There are 2 protein chains.
Amino acid sequence: MARGRSAGGGGRPVTLAMVAQRAGVSAQTVSNALNSPELLAGETLERVRRAIADLDYRPHQAARSLRTRSSRLIGYGVAPTPPSISTSVLDRFLHALSDSADLAGYRVLLFAAPVGADDEQERYDQLLRDHSVDAFVLSNTHRGDRRPGWLAKREIPFVAFGRSWAARDIGDWVDVDGAQGTADAVDHLVAAGHRKIGLLGWPRGSGVGDDRARGWREAMERHGLPVRGLRQAAEDDAKAAQLAVAPLLDGPGGVTAVVAVSDTLALGVYRALRERGRTPGADVAVVGFDDSPAAALLSPSLSSLHQPLEEVGRACTRLLVARLKDPRAAPQRLLLAPELVVRESSAPHPGSLADPPRDEPPHSRRDPHTPPPPDPPAVPDAHPPTANRTASE
Amino acid sequence: MARGRSAGGGGRPVTLAMVAQRAGVSAQTVSNALNSPELLAGETLERVRRAIADLDYRPHQAARSLRTRSSRLIGYGVAPTPPSISTSVLDRFLHALSDSADLAGYRVLLFAAPVGADDEQERYDQLLRDHSVDAFVLSNTHRGDRRPGWLAKREIPFVAFGRSWAARDIGDWVDVDGAQGTADAVDHLVAAGHRKIGLLGWPRGSGVGDDRARGWREAMERHGLPVRGLRQAAEDDAKAAQLAVAPLLDGPGGVTAVVAVSDTLALGVYRALRERGRTPGADVAVVGFDDSPAAALLSPSLSSLHQPLEEVGRACTRLLVARLKDPRAAPQRLLLAPELVVRESSAPHPGSLADPPRDEPPHSRRDPHTPPPPDPPAVPDAHPPTANRTASE
DNA sequence: GACGACGGTTGGATCGATCAAATAGCACCA
DNA sequence: TGGTGCTATTTGATCGATCCAACCGTCGTC
């Protein structure tokens, strides 16, 4: 074990040539042992491997990169996110991404990505030319996002966190199945006895928001429940939500439950209820989206849809590695289901009639006597929402 | 402007030699124009610069790095952060760091840093050898952190976000002045008429927590107010806080205000108050720390200390660049003041007696008839907390 | 007018790996 | 024996920038 020694940093670096000499072979053979081990005779390979281990040799990326024009680097543009109640997204996602990329032999290179600036692509181009990054991970994809098209045209590998909401779906992506999430919420609320379930969404036009709204609508229809007049919208702001939800609560036959497409909106619902002397959970059930850290801390604690961000990060790496291996393979899309975390805001009241007994839930997750979902989601080429299935088909 | 052309990605790269030919000089001269412009004659420099611009030339990092053994890369280890109410830290800090590093010509390379694992340094070493990173940015420094010492011994430049809480202060760091923050909170509460101000802290032993507690204590003493029995502690968990704060609220002469060292703890105080039929803000003032996105959304909204994370990020870059320029310069430390954001939980009640009239506040920020602060904070070499106190009064 | 000093420039070697092509080693069959 | 077809390994060139040492012209000085 000479590891301790060489980990001692400061000294001269171990080069491929030194390994070659120690193993009694040429430099090229060592290179092959690393990059095309199948070319070597078993015995030679073993000898080289031992020499590498003995010297604790690590190939110098810059040299390798100079020759091969690839860097084992993945570019990730950090966009300035508006302070929202659920901004730990980057945190969790980025850590998972970086972690899994590490395991696959890649590293994540950060750069500041201007949101929708004109020279947006310029920054990607810079990274490409300065550091020869092998691929990009996009996040915060939005309608009319030009990045996927731009990258695809140049045949630069990338994976997006968030489907490309454009008409023509481009490239690989991983996304959280928002529709599935809100549908789960509806199922859960219906099982608890609710019939009038409102939706508090974002203004139409955002891909994510519309998707989550669709899940609610489809689930309602599947249960044979009406949706007319049960949908309101607000920007992602608690105050705006507080006002926007009013029609749902005050209407002639007010709702008994509200599904909000974000925790921030859900908080607005809380306030609107309090304003009316009513209690979230007890009087009107509320389900949020994102499962922000605050959700568990509110009182009553907020039921919410937890996004599997760690899994999204790992999936991005997986898809990216596959893409790098075979640039022309069919595009892969992966929809991961969020998980409904039930808390006080939607839990049946202790002792109430609606309390579903453990042994025989009144409604199973996918109600048997209602027709199956009409169509696979309107996402072309998308795998059905099976969650993390390992690879393509 | 030929920029548009070369931004066209796929094609052949522009090399230094091509620039040299176009400018009618040798390659070395172009290199000098980039790295040591002072060596060139003004006219030549101008000509080379124009050629560079015309061709939209960018030096190839890998080649440069191979020769110089430096990469213009800054390593940042992302640690898995426990889901807390205020996890947008990484978000804001990292974006600012990456952004300002970009401007300085550096890029941030992410890697997964195990928290306190035995092979922790190994990961740093890897990054050093694989990618020849020029420097590191540390965060989540803690008592007994071995990283600063390890890096310093190897003369690897680094800047820590968070002072090294060890006995001997090592290396450059930037930190938020927690003591200043809690002191500001006390001043603010005293100005609003409070005299019995409790502290809800973390268990002793964490550098950050102890620092924030100290600020409270020193400010109380400065105002001539007692601190005995007014301090309680809990782990950073709302439930634990709810229980821990009880003695402060229920004691014979209960407190009228509580300073909590995190928003999570403050939330526990909210709950404890509600549990007792009392209202945060109206009955007992509460001030949190971190100004998490949830703080503004709680009702009543929570006064909290806002950390200037963007500025911390920029400062890290600044110190790092300085350190890279002069590895042997004296270590720099920078304490930035958090900003107290006053919200409903500590705002004087409208119309109440405690409402300080604009023209003659009952207590000025620095009470004239109490002695001045005893000593500058016990941080050797630290700059005085100059920082941006824009809106703190 | 030759000399050294100096600012500015030049050609050539070099960083450490990979690529392309050539070679050695070996079995097999005519 | 000699050619053929493999496979395993070696040799030499190369990626693009920087470092080094030498070079050249100009100026001031003795």
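Residue numbering restarts at 1 for every chain, and letters A, B, ... go by the order of the sequence lines. Note that this is a predicted model, so its numbers are computed, not measured.
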>> In this structure, how many angstroms lie between the C1' atom of D:dT9 and the CD atom of A:Glu38, rounded?
In response: 15 Å
> Got a sec? Which of residues 58-67 of chain A come in under 4.0 Å of DNA chain D, heavy atoms?
Replying inline: A:Leu66, A:Arg67
> Which pairs with one or both residues in residues 36-50 of chain A pass side-chain hydrogen bond (donor to acceptor under 3.5 Å, both in side chains), sequence neighbours excluded?
Replying inline: none
> Atom CD of B:Gln28 and atom P of D:dC19: how far apart are they, to the nearest Å?
Replying inline: 8 Å
> Base, sugar-phosphate, or nothing: which does B:Thr68 touch, judged by heavy atoms less than 4.0 Å apart?
Replying inline: sugar-phosphate
>> Does anything in residues 28-37 of chain A form a salt bridge (Lys or Arg N to Asp or Glu O under 4.0 Å)? List the pairs, not counting sequence neighbours.
In response: none
> Which side-chain hydrogen bond (donor to acceptor under 3.5 Å, both in side chains) pairs, counting each pair once, include a residue from residues 318-331 of chain B, with sequence neighbours left out?
Replying inline: B:Asp172-B:Arg323
>> Can you list everything that forms a side chain to side chain donor-acceptor pair (under 3.5 Å) with B:Ser71? Sequence neighbours excluded, please.
In response: none
>> Students often get this wrong, so: under 4.0 angstrom with heavy atoms, is A:Val25 touching a base, only sugar-phosphate, or nothing?
In response: sugar-phosphate
>> Can you give me the bend angle of the helix from C:dG1-D:dC30 to C:dA30-D:dT1? Use the axis through the first five pairs and the one through the last five, nearest 10 degrees.
In response: 70°
> Do the side-chain N or O atoms of B:Asn35 get closer than 4.0 angstrom to the phosphate oxygens (OP1, OP2) of D:dT18?
Replying inline: yes
> For B:Ser26, which contact category applies under a 4.0 Å heavy-atom criterion: base, sugar-phosphate, or nothing?
Replying inline: base
>> The criterion is ring-ring contact (aromatic ring centres under 6.0 Å, His included); which residues satisfy it with A:Tyr124, sequence neighbours excluded?
In response: A:Phe111, A:Phe136
>> Please report the distance, rounded to the nearest Å, between CG in B:Leu16 and P in D:dC19.
In response: 12 Å
> Between B:Ala27 and B:Arg69, who's closer to the 5' end of DNA chain C by nearest nucleotide?
Replying inline: B:Ala27
>> So, using side chain to side chain donor-acceptor pair (under 3.5 Å) as the criterion, who are the partners of B:Ser164 when residues are at least two apart?
In response: B:Asp169
> Partners of A:Asp134 by salt bridge (charged side-chain N to carboxylate O under 4.0 Å, His left out), sequence neighbours excluded?
Replying inline: none
>> So, using salt bridge (charged side-chain N to carboxylate O under 4.0 Å, His left out) as the criterion, who are the partners of B:Arg107 when residues are at least two apart?
In response: A:Asp130, B:Asp102
>> Using whole Å, what does the distance between atom C1' of nucleotide D:dC19 and atom CG of B:Leu34 come to?
In response: 16 Å
>> If you apply the rule side-chain contact (heavy atoms from CB on, under 4.5 Å), what do you find for A:His95 with A:Leu309, and how did you get there?
In response: CA-CA 10 Å; A:His95 187 269; A:Leu309 297 177; over 6 Å; no
> Taking B:Thr68 for the side chain and B:Arg64 for the main chain, is one N or O donor matched with an acceptor at less than 3.5 Å?
Replying inline: yes
> First and last nucleotide of DNA chain C touching chain B, 5' to 3', heavy-atom cut-off 4.0 Å?
Replying inline: C:dG8 to C:dG16
>> Just to verify, what does B:Arg314 make a salt bridge (charged side-chain N to carboxylate O under 4.0 Å, His left out) with, not counting sequence neighbours?
In response: none
